[in-house]
Amino acid sequence: MSEPASEPFRPRVVPAGDSAVLLELGETLDPLINAAVLALDAEIRSLELEGVIELVPTYRSLLVHYDPERIDGRVLLARLSKLDLEHPGTPPEGRLWTVPVAYGGEFGIDLEAVARRHGLRAEEVVQLHTGPTYRVYMVGFVPGFTYLGGLDPRLYTPRLDDPRPRTPAGSVSIGGIQAGIASLEIPSGWHLLGRTPVRTFDPERTPPLLLEPGDRVRFVPIDPATFDELDRRAAAHDPLIAPEPA
């Protein structure tokens with residue numbers, strides 16, 4: 001983990017087409033950099049800048065979408081370039097969620113292969129995967145896809161050379177040093193360890209997105225019968241889980 005910055009730093013401001021600006025805060029996957037991204041996101045939101053229509057936080061940067069008919073891009077660039085941000089020092093404690101997962105078999109078709117690759121038993125992979133408390137670094141690619149940091153290094157696994165064109169919604173997977181929760185059926189080169197009945201994105205639910213950047217996630221194993229029961233409830237727009245009390 002990187003050491004906290006000792007004094008304010010200025011984000012690198014990069015134009016991104018004719019209606020967006022990218023603010024870069026670092027180059028690595030680091031909880032301190034990500035915490036700074038989220039702090040910058042909150043600061044810009046608080047300014048309520050005319051013409052800014054959407055903010056998209058990522059691992060290490062913040063994308064600012066704006067309406068060029070309401071604000072000149074050069075004016076916005078100048079305004080953003082003047083922002084100084086005290087590094088938060090330690091990541092903020094987001095909400096803590098416990099996510100149920102059915103591992104292996106039809107739910108996680110890559111579990112056995114991942115175990116063989118690392119000289120482990122499938123049960124040991126599940127233990128290692130459910131051991132950490134993960135950090136939600138970003139949500140994106142498709143609505144609700146949750147990118148998680150904190151994977152045990154013993155499970156670091158390169159992505160598949162040939163991505164699958166379709167993987168199930170709810171897939172809980174690993175790719176490189178990342179873990180993830182898929183919200184929708186998508187193509188993916190990540191390794192599928194299990195599946196959760198929890199819908200991290202449901203357009204019929206308020207709010208439609210369940211997890212947010214800065215939140216924390218723990219996984220808990222469930223059996224197939226419990227998955228089926230919870231999946232029926234989730235299909236009726238039950239979020240199934242709630243954040244633990246602070």
Side-chain angles (χ1 to χ4, degrees), residues 2 4-5 7-89 91-92 94-95 135-149 159 163 165 169 175-176 178 180-190 199-215:
S2 302
E7 58 185 42
F9 66 89
R10 182 165 289 119
R12 180 170 177 258
V13 182
V14 182
D18 61 0
S19 60
V21 175
L22 185 66
L23 307 178
E24 296 182 336
L25 277 72
E27 299 293 338
T28 59
L29 191 160
D30 184 319
L32 297 180
I33 292 174
N34 186 246
V37 169
L38 299 183
L40 183 60
D41 176 55
E43 179 177 341
I44 294 176
R45 289 180 190 276
S46 71
L47 297 175
E48 299 183 346
L49 297 174
E50 171 66 23
V52 171
I53 56 179
E54 185 180 16
L55 300 173
V56 184
T58 73
Y59 278 104
R60 62 177 190 87
S61 63
L62 180 67
L63 185 64
V64 181
H65 289 279
Y66 66 93
D67 181 350
E69 294 187 356
R70 294 167 60 194
I71 185 171
D72 186 279
R74 292 168 295 182
V75 173
L76 180 61
L77 278 170
R79 186 88 179 263
L80 296 176
S81 296
K82 294 178 180 178
L83 288 176
D84 283 330
L85 178 69
E86 287 284 354
H87 200 296
R95 300 171 300 172
R135 176 181 174 81
V136 178
Y137 274 87
M138 59 179 283
V139 177
F141 179 60
V142 294
F145 187 96
T146 308
Y147 290 85
L148 303 171
R159 299 184 190 188
Q178 302 174 99
I181 306 171
S183 52
L184 303 171
E185 182 181 274
I186 55 171
S188 177
W190 292 31
R199 271 63 162 172
T200 56
F201 170 69
D202 182 347
E204 300 300 321
R205 191 180 61 211
T206 302
L209 294 176
L210 195 63
L211 306 177
E212 298 178 353
D215 283 353

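These numbers were taken from a predicted model, which means no experiment stands behind them.
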Next on the checklist: My understanding is that only residues two or more places apart in sequence, or in another chain, count here; which of them pass salt bridge (charged side-chain N to carboxylate O under 4.0 Å, His left out) with Asp202?
Outcome noted: none
Next on the checklist: For Arg79, give me all partners under salt bridge (charged side-chain N to carboxylate O under 4.0 Å, His left out), at least two apart in sequence or on another chain.
Outcome noted: none
Next on the checklist: Between Leu40 and Leu55, is the side-chain contact (heavy atoms from CB on, under 4.5 Å) condition met? List the steps.
Outcome noted: CA-CA 10 Å; Leu40 183 60; Leu55 300 173; over 6 Å; no
Item to check | Validation row: Leu62, Leu25 side chains within 4.5 angstrom (heavy atoms) | outcome: no
Next on the checklist: Looking at every non-hydrogen atom in both residues, tell me the closest pair between Glu185 and Ala169 and how far apart they are.
Outcome noted: N-CB, 3.7 Å
Checklist entry - Do you know which two heavy atoms are closest between Asn34 and Val136, and how far apart they sit? => result OD1-O, 4.1 Å
Next on the checklist: Quick check: do Val139 and Thr200 have side-chain heavy atoms less than 4.5 Å from each other?
Outcome noted: no
Checklist entry - If you count the non-hydrogen atoms of other residues, nucleotides and ligands that lie under 6.0 Å from CD in Glu54, is the total more than 12? => result yes
Next on the checklist: So, using side-chain contact (heavy atoms from CB on, under 4.5 Å) as the criterion, who are the partners of Leu77 when residues are at least two apart?
Outcome noted: Val13, Pro15, Val21
Checklist outcome for this item: Output for pair (Asp41 CG, Ser61 OG), nearest 0.5 Å, gives 11.0 Å
Checklist outcome for this item: In this structure, CZ of Arg135 is separated from CG of Asp215 (nearest 0.5 Å) by 9.5 Å
Checklist entry - Short question: side chain of Ser183, backbone of Phe145 - any donor-acceptor pair under 3.5 Å? => result yes
Checklist entry - Is a side-chain N or O of Ser19 found less than 3.5 angstrom from the main chain of Pro68, in a donor-acceptor match? => result no
Next on the checklist: If you compare all heavy atoms of Tyr66 against all heavy atoms of Gly73, which two are closest, and at what distance to 0.1 Å?
Outcome noted: OH-CA, 3.5 Å
Checklist outcome for this item: By salt bridge (charged side-chain N to carboxylate O under 4.0 Å, His left out), Arg70 pairs with (sequence neighbours left out) Glu50
Next on the checklist: Just to verify, what does Asp72 make a salt bridge (charged side-chain N to carboxylate O under 4.0 Å, His left out) with, not counting sequence neighbours?
Outcome noted: Arg74
Next on the checklist: If I compare all heavy atoms of Pro143 with all of Leu184, which pair ends up nearest, and what's the gap?
Outcome noted: CD-CD1, 4.2 Å
Checklist entry - Does any non-hydrogen side-chain atom of Leu211 lie less than 4.5 Å from one of Ile181? => result yes
Next on the checklist: By the ring-ring contact (aromatic ring centres under 6.0 Å, His included) test, which pairs, at least two apart or in different chains, include something from residues 20-61?
Outcome noted: Tyr59-Tyr137
Checklist entry - So, does Arg60 use its side chain to make a donor-acceptor pair with the main chain of Gly26 at under 3.5 Å? => result yes
Item to check | Shortest non-hydrogen separation from Leu63 to Ala20 and the atoms involved | outcome: CD1-CB, 4.0 Å
Item to check | Validation row: Thr58, Val37 side chains within 4.5 angstrom (heavy atoms) | outcome: no
Item to check | Leu209 side, atom CG; Thr146 side, atom OG1 - distance, nearest 0.5 Å | outcome: 8.5 Å
Checklist entry - What are the two closest non-hydrogen atoms of Pro213 and Met138, and how far apart are they? => result CG-CA, 4.2 Å
Item to check | Close side-chain approach of Val64 and Leu49, heavy atoms under 4.5 Å | outcome: no
Checklist entry - Quick one: CD on Glu43 to CG on Leu38, what's the gap to the nearest 0.5 Å? => result 13.0 Å
